[in-house]
A.B. asks: 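Below are the structure tokens for one structure; questions will follow.
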Amino acid sequence: MYILVLNAGSSSHKLGLYTIGNRLPAEPPAPIWEAQLNWHPQTNTVEIAIESGNQTQTDCRPITERKDSLSSVIETLWTGPTAVLSHAGQIDVVGHRVVHGGTDYPHSTWVTPAVKADIDRLSAWAPLHNPINLEGITLIEQILDNVPQVAVFDTAFHSQMPAVAATYPGPYRWVESGIRRYGFHGISHQYCAHRAAQILQRPLSSLRLVVCHLGNGGSLTAIRQGRSVDTTMGFTPLDGLMMGTRSGSVDPGILLHLMRQGHSAQEIDHTLNQESGLKGISGLSNDLRDIRQAMTDGNPRAGLAYNLYLYRLKSCLGSLIVTLSGLDVLVFTAGIGENSPDIRQAVCENLAFLGLQIDLVHNRQVSADEDIATPASTIRVLVIHTQEDWAIARDCWQLLSDQHTIEATKP
Ligand code: ADP
């Protein structure tokens, strides 16, 4: 079965082709073909990188319609030096990452006109993401005709959170109108929880986990019996942790104060999403590596940004551990979680009182998907390479396999 995954974002589209046989492989496989398109409106160009086997193809072209760019990249699946298929008809299914599925989509689903209408309706709550995700679905319809498509939602894993975790203590009409905590990064959190159980060879249902997804955006999720029971992002991906350019949780009174001073919703949106977090406090960069370097060079604002990032991370983590009444597994994933031993060490030092202990040398030399806790540690600490595209491909495989089974058993 050939499965194409499209992760469509506002400034870049990532594609991956996976091949899966009759059984899911034990270890997550690499895609057999990968492509990335980065749009640069400032220079009116689109940068394209395609990789398959040991072939790499890069190109920078003037921006045309998104459809033309995407279509020419998809065609390299069966034409030219990076071809891995003999024709378009070999693609069995296309899976899409869709950011917001509300509470109606606890699982991945086939794309139908009704599902598309729901993704469109939910654009009001995810204006930067859902319209682009929907555009990706429509473009694939045009490029690959009748190929079946699957929507995999970033909110799905959190859609069954208990009411106490999902509700904001505003007026009850908020609850009735859908103003609640949805949570995001669900594909990554769910993937990491399953992968952690697999690495530890223990049933997921027996574990209390917190997954720390720390990338440019960041969120933590508390998981019990394989379910998300609380997460730090909320109604939007702005809530919770301090992030690269996002503030995370702030007193809503600050927003009222800014509005009374005459700032528009658009300005406040820009401030909270683009001018805050590591970048806002340091005045330098949203990249933790730059902050760390500047801090070492003695820049006090970089020092404050780094320490604030850590402080917020530790306090959110503490809250989730109490929610779980303890912790069996702590997982670090995404750009910072996978690559910053300093952050992992600093977080783990504060958990020593629970009997958590990491091997400091292993922490600095860890490869993906390893346990860095010492044998005596009461809590396992895993560094997991998150593989959201593989998780999407796996869901597509599952839906298609279930459909084949249903068809085979029809009288
Ligand atoms: P996104 O949320 O955009 O998917 P990623 O998960 O790719 O982001 O994470 C990107 C971030 O990871 C960068 O902004 C940078 O702060 C961080 N990062 C990457 N490598 C390192 C490293 N070696 N040390 C510290 N931080 C790193």
Side-chain angles (χ1 to χ4, degrees), residues 5-16 34 36-39 49 97-99 126 128-129 132-133 152 154 183-192 195 211-221 231-233 236-248 273-297 299 301-303 305-310 312-313 331-348 363-370 372 383-392:
V5 173
L6 172 58
N7 191 338
S10 51
S11 59
S12 73
H13 281 14
K14 291 181 194 153
L15 295 126
E34 265 182 298
Q36 180 150 354
L37 297 92
N38 290 314
W39 277 276
R97 177 182 183 200
V98 180
V99 165
L128 300 180
H129 299 102
I132 301 275
N133 303 152
V152 180
D154 242 347
F184 298 88
H185 290 144
I187 302 169
S188 173
H189 288 298
Q190 187 168 27
Y191 169 79
C192 288
R195 185 75 181 129
V211 175
C212 308
H213 178 111
L214 309 174
N216 204 17
S219 66
L220 311 182
T221 293
T231 190
T232 54
M233 282 182 171
T236 71
L238 194 49
D239 208 355
L241 301 176
M242 173 175 168
M243 304 174 221
T245 60
R246 283 174 247 169
S247 61
N273 277 297
Q274 309 291 340
E275 295 179 338
S276 298
L278 289 172
K279 187 175 170 204
I281 295 297
S282 70
L284 292 172
S285 166
N286 62 324
D287 191 313
L288 195 76
R289 288 165 290 194
D290 300 336
I291 307 291
R292 195 82 177 115
Q293 185 57 52
M295 181 177 161
T296 313
D297 296 344
N299 181 317
R301 275 176 62 181
Y306 185 83
N307 290 324
L308 185 52
Y309 179 87
L310 256 178
R312 292 266 169 152
L313 171 55
V331 177
F332 289 99
T333 192
I336 295 172
E338 292 172 35
N339 296 302
S340 175
D342 294 338
I343 292 284
R344 292 194 298 261
Q345 184 176 332
V347 168
C348 290
N363 179 41
R364 299 217 160 251
Q365 299 166 351
V366 65
S367 306
D369 297 5
E370 286 182 349
I372 56 170
V383 180
I384 295 183
H385 173 47
T386 190
Q387 306 220 37
E388 288 157 298
D389 290 353
W390 163 243
I392 294 170

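Just so you know, ligand 1 is whichever comes first in the structure, and atom 1 is the first atom listed for that ligand. Residues take their numbers from the sequence shown, with the count starting at 1.
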A.B. asks: Does N273 use its side chain to pair, donor to acceptor, with the backbone of L238 at less than 3.5 Å?
C.D. replies: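 The answer is no, because no donor-acceptor pair under 3.5 Å joins these two groups.
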A.B. asks: With no hydrogens and no angle check, is any side-chain donor or acceptor of T386 less than 3.5 Å from a backbone partner on A334?
C.D. replies: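 The answer is no, because no donor-acceptor pair under 3.5 Å joins these two groups.
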A.B. asks: State the atoms of ligand 1, each with its element, that fall below the 4.0 Å cut-off from a heavy-atom position in G217.
C.D. replies: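 In order of number, 2 (O).
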A.B. asks: Could D297 and R292 be called an ion pair, given the rule that one side-chain N must be under 4.0 Å from one carboxylate O?
C.D. replies: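 A salt bridge is absent here (no side-chain N lies under 4.0 Å from a carboxylate O).
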A.B. asks: Are any of the heavy atoms in G244 under 4.0 Å away from ligand 1?
C.D. replies: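 It does not; every heavy atom stays at 4.0 Å or beyond.
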A.B. asks: Is there a donor-acceptor pair under 3.5 Å between the side chain of N133 and the backbone N or O of V99?
C.D. replies: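 Yes; judged by distance alone, with no hydrogens or angles, the pair exists.
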A.B. asks: Is it the case that the side chains of S219 and H189 hold a donor-acceptor pair, with the cut-off being a distance below 3.5 Å and no angle test?
C.D. replies: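 S219 and H189 do have a side-chain donor-acceptor pair below 3.5 Å.
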A.B. asks: Is a donor on one side and an acceptor on the other found under 3.5 Å between the side chain of R344 and the backbone of F332?
C.D. replies: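 Here the side-chain-to-backbone pair does not exist.
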A.B. asks: Among all the protein's non-hydrogen atoms, which is closest to atom 25 (C) of ligand 1, and how far away is it?
C.D. replies: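 The answer is R289 CG, 3.6 Å.
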A.B. asks: Relative to atom 3 (O) of ligand 1, which among L288, D290, T333, N216 owns the nearest non-hydrogen atom?
C.D. replies: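 Nearest heavy atom to atom 3 (O) of ligand 1 lies in N216.
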A.B. asks: Distance under 4.0 Å to a non-hydrogen atom of S340: what atoms of ligand 1 satisfy this?
C.D. replies: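 Per the distance check, 25 (C).
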A.B. asks: Output the list of atoms in ligand 1 that are nearer than 4.0 Å to some heavy atom of I336, sorted by atom number.
C.D. replies: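 Atoms satisfying the 4.0 Å criterion: 12 (O), 16 (O), 17 (C), 26 (N).
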A.B. asks: So which protein heavy atom does atom 15 (C) of ligand 1 come closest to, and at what separation?
C.D. replies: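 Atom 15 (C) of ligand 1 sits closest to the protein heavy atom D287 OD1, 3.3 Å.
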A.B. asks: N/O to N/O below 3.5 Å, does that happen between G335 and ligand 1?
C.D. replies: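 Among all N and O atoms of G335, at least one is under 3.5 Å from an N or O of ligand 1.
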A.B. asks: Return yes if some donor-acceptor pair links the side-chain N/O of R195 with the main-chain N/O of D369 below 3.5 Å, else return no.
C.D. replies: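 Not a single qualifying donor-acceptor pair exists.
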A.B. asks: Answer yes if a protein heavy atom lies under 4.0 Å from atom 20 (N) of ligand 1, otherwise answer no.
C.D. replies: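 Within 4.0 Å of atom 20 (N) of ligand 1, protein heavy atoms are found.
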